Number of protein chains: 2
Amino acid sequence: MSTAEDTAGGEAQAWGEVTPDAARRLLIAAVEAFAERGYHATTTRDIAGRAGMSPAALYIHYKTKEELLHRISRIGHEKALEILRTAARQEGTARERLAGAVSSFVRWHAGGRTTARVVQYELDSLGPDAREEILALRRQCDAEVRAIIEDGVAAGEFDVLDVKGTTLAVLSLCIDVARWFNVDGPWTPDEVGALYADLVLRMVGDGGAAARR
Amino acid sequence: MSTAEDTAGGEAQAWGEVTPDAARRLLIAAVEAFAERGYHATTTRDIAGRAGMSPAALYIHYKTKEELLHRISRIGHEKALEILRTAARQEGTARERLAGAVSSFVRWHAGGRTTARVVQYELDSLGPDAREEILALRRQCDAEVRAIIEDGVAAGEFDVLDVKGTTLAVLSLCIDVARWFNVDGPWTPDEVGALYADLVLRMVGDGGAAARR
DNA sequence: TGCCGCACTAAGCGCTCGCTCACCTTCGGC
DNA sequence: GCCGAAGGTGAGCGAGCGCTTAGTGCGGCA
């Protein structure tokens, strides 16, 4: 647990699919800058500077500054969806799958906070077409979590008043980790993941959650 | 319930303390613009235009664009703190006070989403001094919620593993409402408030939460 | 060796930004 | 009826923005 995933350098390895090298360096620089200052407050000169290049070099690899955000958003959302999907398709009870999904999703938001911040909070800076594409991925994330909760209700494991609302609340809780989590704070990503898995099981009325610990 | 509080016009009445009239109109225009596009993507010309004034008029009432954000942030946080404080000092069990605090705090974030968005998500755009001042108010919000939870644990009403972490999660859940809540969506602020109060009682291990409904 | 193509840079274009300044109205007090 | 303060405007400054373009250095191939 908590391998390279939770260091800034480790975050970089998630971008391995981006080539060539210069394009990847620019992308990583953009992620850091967007996370620190926000999309609109970040200049193309800042991004290029962090990547050790001149401002013009950015435009050899990306058409516009927005394309950078779009690429980051899509790769990030695909990663998030993959995490939830993997957890949802695991063997086991709904209780186990929900706990696994929440703890790994939270670990990603806490450990890869830089990336997650951009992915979750800079969506509105995209143009309408790009935003719609990303929103489709987001709806798929929602569907994965909802499916687990519905399974649990059907199996009599969970006791939920409003499946749609509870799904939203669970995702909301996980996503907001990216806003407040601080690497220098009192918790490791693993600890927050475990705490949140417990809280979420309580939210879905899994009677054993409190008793088991 | 859900009176003027949940319309854009109704939100405006919260700024009654700001005088003179022109300064208040500018402030309300700024809240709307910041909420829609974010602080950095909003221009002073846009703010002045929404208030029906020339760009220069802004600088008669405010020294800089950042001062506008600072004022909005402070007034908004004071309002949020007042809501939590009122709920915390109510008569009743910890269970009742926590439910009341969450439902009214959530109602504020959902109904006054425009304001809440600026207050909760544009903090990083403030300078260091202003940010520190706002963070102090935020810590007081945290303390109010934590006190209720500690009361409940002491009284044997709640069963909580980690008071600090649970407090953070409760506040995080409420605050994130400002990000996703949509006035045209399927829920009213009251409905979300009630749902969230139930979810939070479950999170703190209030055994009766599920059974009672 | 000579040359091409590509990754990259220095310089800078056109534009819009936050903010200022000289000037104009309105109006209560004497 | 005149005056100064308060609150407003139109024009525009300097700076910095996203992005472009002409030119440079260099690895790979005949």
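Given the structure is predicted, the values throughout are model-derived calculations rather than measurements. What's counted below: heavy atoms across the whole structure, side chains too, no hydrogens, waters or symmetry copies. Just so we're on the same page: letters track the sequence lines, and every chain starts at 1.
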note = Rounded to the nearest 0.5 angstrom, the CG-CG distance for B:Leu26 and B:Asp21 is 9.5 Å
query = Closest nucleotide of DNA chain D for B:Ala22 versus for A:Pro55: which of these residues is on the 5' side?
reply = B:Ala22
remark   = Applying ring-ring contact (aromatic ring centres under 6.0 Å, His included) to B:Tyr39 and not counting sequence neighbours gives B:Phe34
inquiry  = Regarding A:Gln120 and A:His109, do their side chains bring together a donor and an acceptor under 3.5 Å, going by distance alone?
reply    = yes
ask   = First and last nucleotide of DNA chain D in contact with chain A, 5' to 3', at under 4.0 Å to a heavy atom: what are they?
value = D:dC17 to D:dT21
remark   = Walking DNA chain C from its 5' end, the first of A:Ala56 and B:Ala56 to be reached, judged by nearest nucleotide, is A:Ala56
key: Identified side chain to side chain contact (heavy atoms under 4.5 Å, CB included) partner of B:Thr166 from the options B:Val200, B:Val204, B:Val145, B:Val153   = B:Val204
inquiry  = salt bridge (Lys or Arg N to Asp or Glu O under 4.0 Å), that's the test. Do B:Arg139 and B:Asp142 meet it? Break it down for me.
reply    = CA-CA 5 Å; B:Arg139 280 188 290 270; B:Asp142 187 278; over 6 Å; no
query = Hey, which of A:Arg71, A:Lys63, A:His70 is the one that makes side chain to side chain donor-acceptor pair (under 3.5 Å) with A:Glu67?
reply = A:Arg71
remark   = Applying ring-ring contact (aromatic ring centres under 6.0 Å, His included) to A:Phe158 and not counting sequence neighbours gives none
ask   = When you measure from every atom of DNA chain D, which of residues 41-54 of chain B have a heavy atom less than 4.0 Å away?
value = B:Arg45, B:Met53, B:Ser54
inquiry  = Quick check against the 3.5 Å criterion: does B:Arg25 have a side-chain atom that pairs as donor or acceptor with the backbone of B:Ala51?
reply    = yes
ask   = What are the bounds, 5' to 3', of the part of DNA chain C that sits under 4.0 Å from heavy atoms of chain A?
value = C:dC8 to C:dG12
inquiry  = Do A:Leu135 and A:Arg138 have side chains that approach each other closer than 4.5 Å (heavy atoms only, starting at C-beta)?
reply    = yes
Partner residues of A:Tyr121 under the ring-ring contact (aromatic ring centres under 6.0 Å, His included) criterion, sequence neighbours left out = B:Tyr121
